[in-house]
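Since the structure comes first, as structure tokens, the remarks are kept for the end.
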Amino acid sequence: MNNFIFQNPTRLIFGKGMIAELSRAIPTDKRIMITFGGGSVKKNGVYEQVIQALKGHNYVEFWGIEPNPAIETLRKAIILGKEKKVDFLLAVGGGSVLDGTKLISAGLKYDGDAWELVRKGAYSDTVPMGAVLTLPATGSEMNKGAVISRHETQEKYAFYGNYPVFSILDPETTFTLPPYQVACGLSDTFVHVMEQYLTTPGQSRLIDRWAEGILSTLIEIAPRIRENQHNYDLMADFMLSATMGLNGFIAMGVTQDWATHMIGHELTALHGLTHGATLAIVFNGTLRTLRKQKYGKILQYGERVWGITQGSDDERIDLTIEKTEEFFRSLGLSTHLSEENIGEETIQEIERRFNERGVAFGEAQNVTGSVAREILHNCK
Ligand code: NZQ
Ligand code: ZN
């Protein structure tokens with residue numbers, strides 16, 4: 001097991017009716033800015049619950065943080081927040097609203113343009129923020145990451161600010177999610193676990209089993225959720241799986257990959273494809289391309305998660321990759337670039353971008369431009 005420091009300061013407030021806890025979670029002397037997406041919260045009652053809970057608090061509202069939050073929008077929120085001397089942020093919505101708000105929370109403390117913060121990659125001087133999450137997927141509710149887009153240049157990069165001081169998760173808020181967002185959330189959660197699990201064998205028995213526990217839970221609940229998205233217990237397990245998938249817990253003591261994500265971000269930046277949908281495609285390419293490097297872990301994953309114990313090692317790996325792709329297809333997602341009309345031009349552009357930046361992703365730091373091209377060819 002590798003050395004590590006683990007500290008996750010987010011207070012998780014979980015369950016039915018828990019949005020009411022907001023009244024206690026934010027001190028009444030704070031000047032709050034509440035941030036929202038495009039309006040889903042007005043249709044499902046979340047907005048009313050938030051406003052009800054914040055009676056007697058002092059707040060302004062900022063609307064319009066879009067999926068894959070764009071710097072062009074976030075700059076406007078930073079201007080408003082500075083003007084109103086905001087000293088607490090409350091993000092209400094999906095991962096995009098939370099991510100965007102993390103950048104706002106840093107931007108409020110920064111004098112330059114907020115895109116400079118994104119390019120720096122991290123900035124920890126922030127205004128405190130809390131969150132009401134309505135979409136299980138990103139883990140943004142309990143981590144300090146954010147992914148910010150810039151439309152002008154078709155770029156999308158990770159940025160690290162601070163953890164939310166609290167996050168409220170009421171599974172009932174997910175009942176109104178479009179099925180496609182549910183599928184993308186399941187895919188995102190699955191691949192988050194994989195990025196931390198499917199690397200080097202033998203690093204931690206305990207963390208491996210936590211990761212396998214989340215994967216098995218997702219495989220078990222996914223078809224039931226597709227049948228009935230209004231089942232509270234299923235959605236509660238989905239929500240908690242997503243949080244536990246990317247809050248640092250299953251990263252303890254193990255190496256991490258993240259190459260699939262970095263390639264996926266480029267597909268979103270260039271084509272606008274939803275985050276979880278990019279992963280459902282790219283991950284299969286990653287498995288095929290890096291099957292030798294990930295050999296031991298693919299065998300373990302196949303055996304423990306899919307019950308694959310028969311045949312030669314190569315046959316078992318083939319079957320495991322097949323099962324994984326089938327899982328994404330069972331969610332209703334594409335698993336090939338061609339299904340999304342993405343072709344050679346994009347593959348070349350991603351290779352060019354990786355080479356230009358001189359990056360090398362993955363647990364072995366070997367996913368360079370040319371390996372990314374191979375991965376993308378393997379999921380054409
Ligand atoms: O904008 P509104 O109207 O609220 O609608 C949203 C949006 O259109 C809708 N929605 C959310 N909750 C709903 C709902 N509709 C009905 N009922 C509800 N309860 O869903 C749409 C998508 O929302 P979005 O926030 O974009 O989805 P998600 O949570 O998947 O976030 C995706 C973003 O997070 C980043 C992704 O790259 C992407 O930009 N990620 C953030 C990470 C992190 N912070 O650690 C890690 C991830 O790997 C990921 O990269
Ligand atoms: Zn993700």
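In what follows, every heavy atom counts, from backbone to side chain, and hydrogens, waters and symmetry copies are set aside. Counting starts at 1 for both ligands and their atoms, following the listed order.
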* Asked: Is the Trp115 ring parallel, tilted or perpendicular to the Tyr157 ring (thresholds 30°, 60°)?
  -> tilted

* To do: Compute the angle centred on the Zn ion (ligand 2) spanning NE2 of His275 and OD1 of Asp188, and express it rounded to 10 degrees.
  => 90°

* Given Ala158, Ala277, Gly95, which has its nearest heavy atom closest to atom 29 (O) of ligand 1? -> Gly95

* To do: Looking only at protein heavy atoms, identify the closest one to atom 7 (C) of ligand 1 and say how far it is in Å.
  => Pro67 CG, 3.9 Å

* To do: Heavy-atom contacts with Gly37 under 4.0 Å: which atoms of ligand 1 show up? List them by number with element.
  => 1 (O)

* **Proximal candidate to atom 26 (O) of ligand 1 [heavy atom criterion; set Gly39, Pro178, Ser96]** => Ser96

* **ligand 1 N/O within reach of Gly145 N/O, cut-off under 3.5 Å** => yes

* Asked: Is there a heavy atom of Asp99 sitting under 4.0 angstrom from any atom of ligand 1?
  -> yes

* Asked: Which residue from Thr138, Asn143, Asp188 reaches closest to atom 42 (C) of ligand 1 through any of its heavy atoms?
  -> Thr138

* To do: Give me the ring orientation class for Trp63 and Tyr47: parallel if the planes are under 30° apart, tilted from 30 to 60°, perpendicular past 60°.
  => tilted

* To do: Give the C-alpha distance, both sets of side-chain angles, the deciding distance and a yes or no for side-chain hydrogen bond (donor to acceptor under 3.5 Å, both in side chains) between His336 and Glu325.
  => CA-CA 10 Å; His336 297 276; Glu325 183 167 348; 3.0 Å; yes

* **Residue pair Lys102 / Gly145: nearest heavy atoms and the distance that separates them** => NZ-O, 2.7 Å

* **Side-chain donor-acceptor pair present, Glu374, Thr289, cut-off under 3.5 Å** => no

* Taking only heavy atoms of Lys156 into account, list the atoms of ligand 1 that are under 4.0 Å away from them. => 36 (C), 37 (O), 38 (C), 39 (O)

* Asked: So do the side chains of Arg150 and Glu72 get within less than 4.5 Å of each other, counting heavy atoms only?
  -> yes

